[in-house]
Amino acid sequence: MNNVESHPDLLKEQDAEVAAWLQREDQRQSSTLTLIASENHSSAAVRETGQSRITDKYAEGYPSRRYYGGCEVADGIEELARARAMKLFGAEAANVQPHSGTTANLAALMALAGPNGRIVGMSLKDGGHLSHGHPRSATGILFEPKQYGVNSDGRIDLDEVRDLVKAHKPQVLIAGGSAYARNIDYQAFKDIAKEHDAFLLADIAHPAGLIAAGLVPSPVGIADVVTMTTHKTLRGPRGGMILSTKDVAKKINSAVFPGSQGGPLVQQIAGKAVAFGEALRPEFRAYQESVQTNATHLADRLIGEGLKVVSGGTDNHIVLVDLQGTGMTGADVEERALAAGLAVNKNAVPNDPLPPMVTSGLRLGTPAVTTRGFGTAEIDQLVDIVVGLVRGEDPGRYRSIVLELSEAHPLP
Ligand code: DSN
């Protein structure tokens, strides 16, 4: 039995300050709505794993090959998580130890590119991710990166990818992004990589849940390595994971441990196992269908209201709004939305003239509100609020609507 079950007020009695902060976060999440595309609300079962005594256990190594005694439970948990992950995605191998998506990418690049290796990935400003070779990320410092972007239609420029790979001769080509709303042609990426003897790494941190549900194309079976986080559309605990072919699995494992991490967070791995179990149930597909339907509806409605959406819509859970011409920056709308009770994030749009802490864009996403039971009718209400905020309406006039919606759709 864990402490919370046996003594629910333990933390409050022992450390009122920390308890108050955590209570405040409960209240914040309950009374606001999250439209941040990378966030979600995990199930109570997933969250319960974080309180387990397994958090106290060192388990450096891999199941049956640990550097500590007493790892039989950690072994069982990790094997279960790996088996469920491989079943869910149809993968040949899985490493469930990465603490995050960034550490998963770092380990995968260490395994495939080696020290000072050359990599090609999408630039952050065009919708990629820091860990795809940004100059201030370890992946841009330890490797030699070149970055591709998107065309004027907001879609990946495959000709640029081909030319860059030809010129830079990377060991690893990366496909995937953190603000890219369109499906990725993984086979086209694989063909380019293969032609130049490069590995293909697909980072599916954002659409992992949609991919698991079979609603957007999967790179598994095409890419050599697939990295992801487990807490976005996948709705698991905060963490990372690497899927791979059997051929490279050994290299991946040693790049995770001992290459870039020490002891795995077994309580998080237990949470991943629970989340993968949830994702293997039929209701998960229904949830992901709603995530996608809500995002399409959100994009269509915003466009109908005269806002510009990068690439003209979405194939997944992300809607990237280009605010140029509205008189508002991304930072302006983020702050105004927060005052109304909506958590959103400012985001660069392609060719953004503004710096990253300001930006000309707003990235919206539907996973968290869909977990709370939102359908297209509630999305319509959110559209009215977002459009009003962009047009300069007083955020205060929307606060009660957001509170009502929040109360009617409690957290899981
Ligand atoms: N946190 C990720 C996201 O918001 O997409 C990027 O690291």
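In what follows, every heavy atom counts, from backbone to side chain, and hydrogens, waters and symmetry copies are set aside. Here the structure is a predicted model, which is why all the values come from computation and not from measurement. Whatever order the structure lists ligands and atoms in, that order sets their numbers, starting from 1.
Contacts of Arg363 with ligand 1, taken as heavy-atom pairs under 4.0 Å, involve the side chain alone.
Glu78 and Arg66 are joined by a salt bridge, as a carboxylate oxygen and a charged side-chain nitrogen come within less than 4.0 angstrom of each other. Checked for salt-bridge contact, Asp394 and Arg336 miss the test: no charged N lies under 4.0 Å from a carboxylate O. Salt bridge absent: Asp197 and Lys169 never bring a charged side-chain N and a carboxylate O closer than 4.0 Å.
Atom numbering of ligand 1 starts at 1 in the shown order; those under 4.0 Å from a heavy atom of His129 are 6 (C), 7 (O). Against a heavy-atom cut-off of under 4.0 Å, His206 is close to the following atoms of ligand 1: 3 (C), 5 (O).
At a 4.0 Å cut-off, not a single heavy atom of Glu39 sits close enough to ligand 1 to count as contact.
The environment of Gln27 atom CD is dense: over 12 non-hydrogen atoms of other residues, nucleotides or ligands sit within 6.0 angstrom.
With Ser42 contributing its side chain and Val46 its backbone, the two residues share no donor-acceptor pair below 3.5 Å.
Atom 1 (N) of ligand 1 has as its closest protein heavy atom Ser38 OG, 4.2 Å.
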